[in-house]
Amino acid sequence: MESTNFIEDIIESELAEGKVKKIVTRFPPEPNGYLHVGHAKSLAINFGIKKKYNGECNLRFDDTNPTKEDVEYVNSIKEDIKWLGFTWDRELYASDYFDQMYEFAVKLIKDGKAYVCDMSAEEITKNRGTLTEPGIESPSRNRTVEENLRLFEGMKNGEFKDGEKVLRAKIDMASPNINMRDPIIYRVLRATHHRTGDKWCIYPMYDFAHPISDCIEGITHSICTLEFEDHRPLYDWVKYNCGFGDNPRQIEFARLGLTRTIMSKRYLKRLVDTGVVDGWDDPRMPTLSGMRERGYPAEALLDFCDRIGVAKSNSMVEAALLEHCVRENLNANATRVMVVKEPLKMNVVNLKAPIVVKVENNPTKEDAGEHEVTLTPTIYIEKSDFSIDPPPKYHRLKPDGMVRLKGAYIVKYLSHETDENGNVTAVNCEYVEDSMSGGANAGIKVKGVLHWAPSDAEDVVINDYDYLLDDVEDGRDFGERLNPVTKTVYHGKAEPFLKNAAAYDRFQFMRLGYYMKNKKGEYNLIVGLKDSYKG
Ligand code: ATP
Ligand code: MG
């Protein structure tokens, strides 16, 4: 039997009791930014339910806030969802229902359940009361239905300034739930909407628009994050008072938080606007497009969502777990290649002609095969793989030492060259005859195996990345937690095999990490080789 989470348990009991037949969910992003990995969790839940119960899932843009929204965001959101491999049944917009929402508001007024209020949003907040004190009723609360209808129409027709009047639900100013103390459901706002243009100068509030959109679409389960738990009574109030039945049902789950990064679109936008990163899809961003440009496989993200599960209390998930999922996927799938990040010349002085050797493509896959690389009399090794003043237990090349060149010979130190500042500019070695795998001298004990690149290596730009935030979670604003250096660029040498790589191809650079070729032809560090996830 497949395991279920608590949301699926609810659905299964409702199906068993006949309370619902076809399950319909929705993913409701506000197009005010790019999707991030938290959204992947919400997508995995909603589309997971669609799949499991043979239901449907709508993509609905919650576009009721025209000053913050844009088509650029609509398009990126669609692209990101497709990248994760999900297919929505209908593409819908809350703004498609503005006419109906207006009519529902009129109905509430007629039923004596809504009134036009003259107070400003600030005054309303001030008079809302506290957890221990009831709110103060607005002087506008007892307006007649006729007056309310006239004023609301006036709001729609542009007779009032922005913020001059609002429409409020008439519920209960003494309710223990502050959200029920006559919440605002419509406001006057002159802003051009990316879909409805200048047709409207009043816009519905989220708490009014969301349940109505869900009801109109026949959503059965409206799944949202925990901070909306206190809004559920209002969700139900709107639903019933607009004449709908028991469905949809709102169910809340815990928001995903990830260490070493931030996840709110508002903050991510700040990083983009202040130039800390190069855009929403910068590889350092926790956005889905950032992760795609970084090289995270979509399957690894879905695997991550699966492993963290669906909980009812908020918690932080370690970035290391996400990386663990990415690394596991890449270990199984990425071709191994040799790339030198900081090249140092090595002359193999007794090698008179180039010879072709072979490197395994992926030792975890039986049929992955191997590819050729030419050992030339001059090669490149990693600067950090040779030391004239080695620390203890240094197993790489040192004066009078020996190392194996990956896939090729054992080489023995002869001498090295330096510039006028004493920096090493080349190291001279000789190879040991018959020391290739299978040869008579292959058994000579050497501790270090170095990756290398031949003299016809390709020049490559390598971008290494670090976390956006430091690792001290002490409640400081993220602006104070920003890592000073999050990107380091190297000019390396890649074995010629990589010349055939296409954009978005992923590799393991042996001993360095996993890298993806980006759109510009540079290589981005996806994740290092070492796993820091402690289970
Ligand atoms: P943000 O605070 O990052 O702007 P949001 O909740 O305002 O996020 P929406 O576009 O309104 O973003 O969210 C679309 C859906 O994704 C909602 O159902 C929301 O609850 C869910 N969601 C957003 N962030 C997370 C998260 N960190 N973990 C899980 N689900 C999330
Ligand atoms: Mg939001």
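All values below come from the heavy atoms of this structure, side chains included, with hydrogens, waters and symmetry mates left out. Each ligand, and each atom within it, is numbered from 1 in the order the structure gives. Given the structure is predicted, the values throughout are model-derived calculations rather than measurements.
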Enquirer: Against heavy atoms of Thr225, which atoms of ligand 1 measure under 4.0 Å?
Expert: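 Matching atoms, with element in brackets: 20 (O), 29 (C), 30 (N), 31 (C).
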
Enquirer: Would you call the rings of Tyr523 and Phe507 parallel, tilted or perpendicular if under 30° counts as parallel and over 60° as perpendicular?
Expert: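 It falls in the perpendicular class, over 60°.
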
Enquirer: Does any N or O atom in Arg26 lie less than 3.5 angstrom from one in ligand 1, N or O only?
Expert: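 In this structure, Arg26 places no N or O atom under 3.5 Å from an N or O of ligand 1.
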
Enquirer: Out of curiosity, is Arg266 lining ligand 1, as in a heavy atom under 4.0 Å away?
Expert: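 No; Arg266 lies far enough from ligand 1 that no heavy-atom distance drops under 4.0 Å.
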
Enquirer: Relative to each other, are the rings of Phe152 and Tyr102 parallel, tilted or perpendicular (30° and 60° limits)?
Expert: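 It falls in the parallel class, under 30°.
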
Enquirer: Can you confirm, on distance only, whether ligand 1 has an N/O atom lying under 3.5 Å from any N/O atom belonging to Glu227?
Expert: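 Looking only at distances, the answer is no, because the N/O contact criterion of under 3.5 Å is not met.
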
Enquirer: Within 45° of the ring axis of Tyr93 and under 6.0 Å from its six-membered ring centre, is that where the NZ or CZ of Arg195 lies?
Expert: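 Yes.
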
Enquirer: Minimum heavy-atom separation for Leu167 and Met155, please, with both atom names.
Expert: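 Reported closest heavy-atom pair: N-CE, 3.8 Å.
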
Enquirer: Flag the pair Glu159 and Lys165 as a salt bridge only when some basic side-chain nitrogen lies within less than 4.0 angstrom of an acidic carboxylate oxygen.
Expert: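 Salt bridge flag = no for Lys165 with Glu159.
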
Enquirer: Any nitrogen or oxygen of His39, main chain or side chain, under 3.5 Å from a nitrogen or oxygen of ligand 1?
Expert: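 Indeed, backbone or side chain, His39 has an N or O that close.
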
Enquirer: Considering the heavy atoms of Phe27, write down every atom of ligand 1 situated less than 4.0 Å from one of them.
Expert: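 Answer, ordered by atom number: 15 (C), 16 (O).
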
Enquirer: Touching ligand 1 at all, Phe228? Heavy atoms, strictly under 4.0 Å?
Expert: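 For ligand 1, residue contact (heavy atoms, under 4.0 Å) with Phe228 is absent.
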
Enquirer: Any atoms of ligand 1 less than 4.0 Å from a non-hydrogen atom of Pro28? List them with their elements.
Expert: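 Taking each heavy atom of Pro28 in turn, ligand 1 has 14 (C), 18 (O) under 4.0 Å.
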
Enquirer: Hey, which atoms in ligand 1 end up nearer than 4.0 Å to a heavy atom of Ser264?
Expert: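 That gives atoms 2 (O), 3 (O) of ligand 1.
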
Enquirer: Within a distance under 4.0 Å of any heavy atom of Pro29, pick out the atoms of ligand 1 and give their elements.
Expert: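 Every atom of ligand 1 under 4.0 Å from some heavy atom of Pro29: 10 (O), 14 (C).
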
Enquirer: Return the option from His210, Lys265, Met263 holding the heavy atom at the smallest distance from atom 9 (P) of ligand 1.
Expert: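 That would be Lys265.
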
Enquirer: Excluding sequence neighbours, so at least two apart, what forms side-chain contact (heavy atoms from CB on, under 4.5 Å) with Asp281?
Expert: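 Residues passing side-chain contact (heavy atoms from CB on, under 4.5 Å) with Asp281: Ser289, Glu293, Lys519.
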
Enquirer: Quick one: which of His221, Lys239, Gln250, Arg60 gives a side chain to side chain donor-acceptor pair (under 3.5 Å) with Asp214?
Expert: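 Single side chain to side chain donor-acceptor pair (under 3.5 Å) partner of Asp214 among His221, Lys239, Gln250, Arg60: Arg60.
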
Enquirer: Quick one: list whatever passes side-chain contact (heavy atoms from CB on, under 4.5 Å) with Glu299, sequence neighbours left out.
Expert: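 Glu299 satisfies side-chain contact (heavy atoms from CB on, under 4.5 Å) with Pro297, Asn329 only.
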
Enquirer: Mind checking whether Leu256 has an N or O less than 3.5 Å away from an N or O of ligand 1?
Expert: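 Yes; at least one N/O pair falls below 3.5 Å.
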
